[in-house]
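The block underneath contains the structure these notes are about, expressed in C-alpha cells.
In listed order, ligands and their atoms are each counted from 1.
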Amino acid sequence: MQCPLLYRFRVIDKLPEKPSEAATRGTLVHAVLERLFDAPAADRTAPRARALIPGQWDRLLEAKPELGELFAGDTEGERLSRWLGEAERLVERWFSLEDPTRLEPAERELFVETELESGLRLRGVIDRIDVAPTGDVRIVDYKTGKAPRPEYAEGPLFQMKFYALVIWRLKGIVPRRLQLVYLGSGDVLTYDPVVADLERVERKLLALWEAIALATETGDWRPRPTKLCGWCDHQAVCPEFGGTPPVYPLSVRPAESGEDDQGRMGPVGAEAGRAVALEGP
Ligand code: SF4
C-alpha cells in the first residue's frame, strides 16, 4: 500500500536491506516490554525494564549478528551508548502511558494466522492482548515513533483493524478496543471497532490482494514516491531516482487493453505496518 515497487523489491526480488538503527531500536524496545511481564506484577518497574536492555540487545545480536554492522567503526562505543540511551528513554516513557503492575496480558508477541473464506491467508504478530474479566479483548501495539497527526491516523489504525479482523475470524470475538501506544511522543491512540469496520478491512484486503496478483502477473509494479523514499534502501534501482530495476524474475503476461488502470497497484489503503502479511489462495 505504501509503494508497489517497494513491495516488488522486497517480496519478489528479495533484494537485501540494511538494518536501520530506528527499526532495530524498535525491536529492542518491544523485546524489553515483552520480557518485563515475566516478572511478578510488583516488580515491573522502570529500573527493572531499563536493566533488561543490555541483555536483550545481546540476545538480538546473537540471533542476528549482522545488526553489529550498525555500529561498525564505533570504536569508542559512543554511538552505541547514545542509541541504548534512546532505547532507555522510550522504555521509561512507557511507564507514563501504562502501568504494567496493573496489567496481566493474556498474550504477548502472539503470532496469529487465519484464512478468509476467499482463501486469502492473513498473518501477523500482535504485541499484546489484554482480556478483561468481562471477556472484553483489547489489542495493544507499541510504536517507538511519534503519533501521527489525526489526518494520518488511518494508516496505523488499518494495521490494528487487520489484527482485529484476524482475531474475529479466529475466535468469533470483535475486540472491544484497539490501542496504539506511541513511545516516541507519549501518546495513546485508541479505537473501538465494530463489525462493519472489520468487514470493510476484509474487502480492502481482498482488493489489495487482487491488485498484487495482477501486478505479479503483468510485472507492472509502479513506484509511488512519498517522503518515505528517504528511508528506502532501493533508490539506486528505482526509476524515480534515475535507477533501473533488476530484470523481473517472473514470467509475465502483457496487460490487456483497458486493463492498465486496474492492473497497476492503486491506492487501496494506507501503510499496513511492520507485522502483517498476506498470502494468496
Ligand atoms: S525509492 Fe520510493 S518510489 Fe522508489 S521503490 Fe523506494 S519507496 Fe518506492
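In this structure, the side chain of R44 engages the main chain of L103 through a donor-acceptor pair within 3.5 Å. Counting only distance, with no hydrogens or angles, the side chain of S96 and the backbone of E92 share no donor-acceptor pair below 3.5 Å.
Under 4.0 angstrom from ligand 1, the non-hydrogen atoms of C232 all belong to its side chain. Contacts of Q2 with ligand 1, taken as heavy-atom pairs under 4.0 Å, are absent altogether.
The aromatic rings of Y7 and W221 sit parallel to each other, their planes meeting at less than 30°, with 60° as the upper class boundary.
Annotation for ligand 1: atoms under 4.0 Å from non-hydrogen atoms of P223 are 3 (S). Heavy-atom proximity to F241, at under 4.0 Å, picks out these atoms of ligand 1: 1 (S). Taking every heavy atom of P225 and a limit of under 4.0 angstrom, the matching atoms of ligand 1 come to 3 (S). In summary, the atoms of ligand 1 found under 4.0 Å from a heavy atom of C3, numbered by their order in the structure, are 3 (S), 5 (S), 7 (S), 8 (Fe). Heavy-atom contacts of C238 reach the following atoms of ligand 1: 1 (S), 3 (S), 4 (Fe), 5 (S) (cutoff under 4.0 Å).
For R121 and E113, the salt-bridge test passes: some basic side-chain N is under 4.0 Å from an acidic carboxylate O. Under the 4.0 Å criterion applied to side-chain N and carboxylate O atoms, R8 and D13 are assigned as salt-bridge partners. Salt bridge absent: R128 and E107 never bring a charged side-chain N and a carboxylate O closer than 4.0 Å.
Cluster membership for I173 and L165, using ILVMFWY side-chain heavy atoms within less than 4.5 angstrom, is shared.
Remark: minimum distance from atom 2 (Fe) of ligand 1 to any protein heavy atom is reached at C229 SG, 2.3 Å.
At least one heavy atom of R224 sits under 4.0 Å from some atom of ligand 1.
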